[in-house]
Amino acid sequence: MEYQDVIELAKRRAIFWPAFDIYGGLSGFFDYGPVGVLIKDNIINSWKNVFINVEGMVPIDSPNITPEEVLDASGHTKVFTDYITYCENCGEAYRVDELIKMKDPTFELKSYDYMVQRMQELDLKCEKCGGKLSKPEKFNLMLPTKVGPGKGKQAYLRPETAQGIFINFLTYLRYFRDTLPFGVVQVGKGFRNEIAPRQGLIRLREFNMAEVEVFFDPESLIWPGHYNEIFNDEVLLLPNDGREIRIKISESMENKIIKIQPIAYFIGLVQRFLINIGVDKNKIRFRQHYPEELAHYSKDCWDCEVKTSLGWIEVTGIADRNQYDLKQHSEKSGVLLVFKKKLDKPKYITRKRYVPIENEIKNIYGKEWKAVFEMLKNLEYNDKKPIYRNKEIDENCYRIEIYQEEIKTEDVIPWVIEPSFGIDRIFYSLLEHNLYRREESGYKVLGLKPHIAPFKVAVFPLMPKDNLDLKALEIYRMLKNSGITAYYDDSGSIGRRYARADEIGVPFCITIDYETLENDTVTIRDRDTTEQERIHINNIAKKIKESVEKCMMSI
RNA sequence: GCGGGUGUAGUGUAGUGGUUAGCACAGGGGCUUCCCAAGCCUCUAACUCGGGUUCAAAUCCCGGCACCCGCACCA
């Protein structure tokens, strides 16, 4: 169905709607309602099942608010702050630094005044119409905040959850007992002060993301997942040379369209995940970024795009972040985010060290001999004479020994591959792909798979009287007690209740009728076929649980 | 951010200066042994916000906000 159909249903059935409505609203923010939250949580749970349970990665939950240093190191404060100028005639927007660099490649953004001065000196005009350009405006795509009282500490709402993973690399390396590769996942919110949010859940200023950072030994870029299971999967690839090809994962690597195994693997995995939760398999493609499109941290990136009535929208990005982030944080924090890689053969380095001579030191320094002894023993060799209490130590107190130091490991910065998912966009695509109209009656049906559906079953008394309602409530409680999300409805005719359940994607409806009172059987009706069968009430929970479990992805 | 369009019950809409602001669906209550939005009775419920013009504004004008379409932006 189309965008408008989804929005209409979403508002009417409390799935999602624009936030802050009674105060006039604020563009780029949405509320998820009772039905929407359940669906969204089910998507996230399926996602966690794939990455945590199936792939063996581990989670982290790090703060939304991030101090400035972290984002200085990651490059976000710099890259996210642009100076923009607009043509006062035609409205065209330009980034000031790029405009100046076209005429003066040596230009560096030292200060606002200098930038304005250069604009005037170079007599910059609108590229399109030659119109006058406005004064540069600062535009920061991150949302700033202050932490603490008074002046406070400059911080930002995180633009991605990834940094929380990178800065904790050493903790996770230890958790994985110093073995690479491993993956860390985070589900949480990201914040970007978009210039013009549009199209509902597609471009939000506060959005749900699920990110994966996989850390590799740079010399062994292979994810030991289930490659043999997915390498026969076909995917639609759009490499940045302009081709569009449907190809097997394995062939895409043989043909060097995808250069490294983890990207190929995650492309296959992402496709399996999306199909598993109910995205139309004929509306998925993977598009490689053009060099100029790449983020500041990335060397290669493949977007997973899903086709909707709004066009192809990016729902996942698989980025080769290489060593960028760990390198940056090592440099700025002073903590080496590296792993100690065992060398095939130990290396030997010829070094010198001081060997203290105890008796001689005792003779000269008396009671203080121990301090001098220890100092010499631990002192790194250098060409200057060692000094104690501002005086050179007598040469007889030590000798200089030449020795071979054995080096068994070297510091290696891991290589990072990042599959990053936009949950809200996936959520929207899922609704659009699964919403259809019943031919006979014309009302809407949300054909969500059982593991994604907000409720697994709806319970109806045929009529709310003659004890049918009491019996129905008893069965409803029984199902809830066995861990099934169920809902009860006795309002209006039975057909109306089926329709209401269909509209929010409930896969099964059971109806309690006069026969139930006699033999404890109910009708269970399948949403997609509308067919019903009679089953005993003791078998309801089992049947529903099986249909849900059958959907959970496994490899 | 620029240009254009739109804003009426929960949803979809009618209403072009004076209407008890109409209709349909949905929703609540009731009747009907009622299995696919059945029928009947009944009730609830709306003019995006602020200012202006006018005796009188949902309606005309200005501004804010939101949404839609294009452009730009989207690390």
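Proteins come first, then strands; the chains are lettered A, B, ... in the order of their sequence lines, and each starts at number 1. Everything numeric here is computed off the predicted structure, so don't read it as measured data.
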With a 4.0 Å limit, can you tell me whether Arg198(A) has a side-chain N or O closer than that to the phosphate oxygens OP1/OP2 of C67(B)? no

Among C34(B), C36(B), U32(B), which is the nearest nucleotide to the side chain of Lys465(A)? U32(B)

Given G28(B), is OP1 or OP2 found less than 4.0 Å from the side-chain N or O atoms of Ser491(A)? yes

According to a strict under-4.0 Å criterion, is Arg497(A) in side-chain N/O contact with OP1 or OP2 of C35(B)? no

cation_pi(Lys40(A), Tyr32(A)) dist<6.0 Å, angle<=45: yes

Should Tyr514(A) be counted as stacked on U33(B), where stacking needs a ring-centre gap under 5.5 Å and an angle between planes under 30 degrees? yes

Distance between the P atoms of U59(B) and G51(B), in whole angstroms? 14 Å

With respect to the phosphate group of C49(B), does any side-chain polar atom (N or O) of Tyr23(A) fall under 4.0 Å of OP1 or OP2? no

Could you tell me if the side chain of Thr516(A) sits less than 4.5 Å from the side chain of Asp513(A), heavy atoms only? yes

Please pick, from A37(B), A66(B), G70(B), the nucleotide with the shortest atom-to-atom distance to any side-chain atom of Ala499(A). A37(B)

Would you call His451(A) and Asn42(A) a side-chain contact if the rule is heavy atoms closer than 4.5 Å? no

At less than 4.0 Å, is any side-chain N or O atom of Ser27(A) found next to OP1 or OP2 of C65(B)? Yes or no. no

Hey, does Tyr3(A) reach any base, or is it just sugar-phosphate, or nothing, if we go heavy atoms under 4.0 Å? sugar-phosphate

Measuring from the side chain of Leu462(A) (C-beta onward, heavy atoms only), which nucleotide among C36(B), A72(B), C34(B) has the closest atom? C34(B)

The nucleotide from A72(B), G10(B), C35(B) with an atom nearest the side chain of Tyr498(A) is C35(B)

For the residue pair Arg285(A) and Leu237(A), establish whether any side-chain heavy-atom pair is separated by less than 4.5 Å. no

With respect to the side chain of Met463(A), which nucleotide from C35(B), U11(B), C34(B) is positioned closest? C34(B)

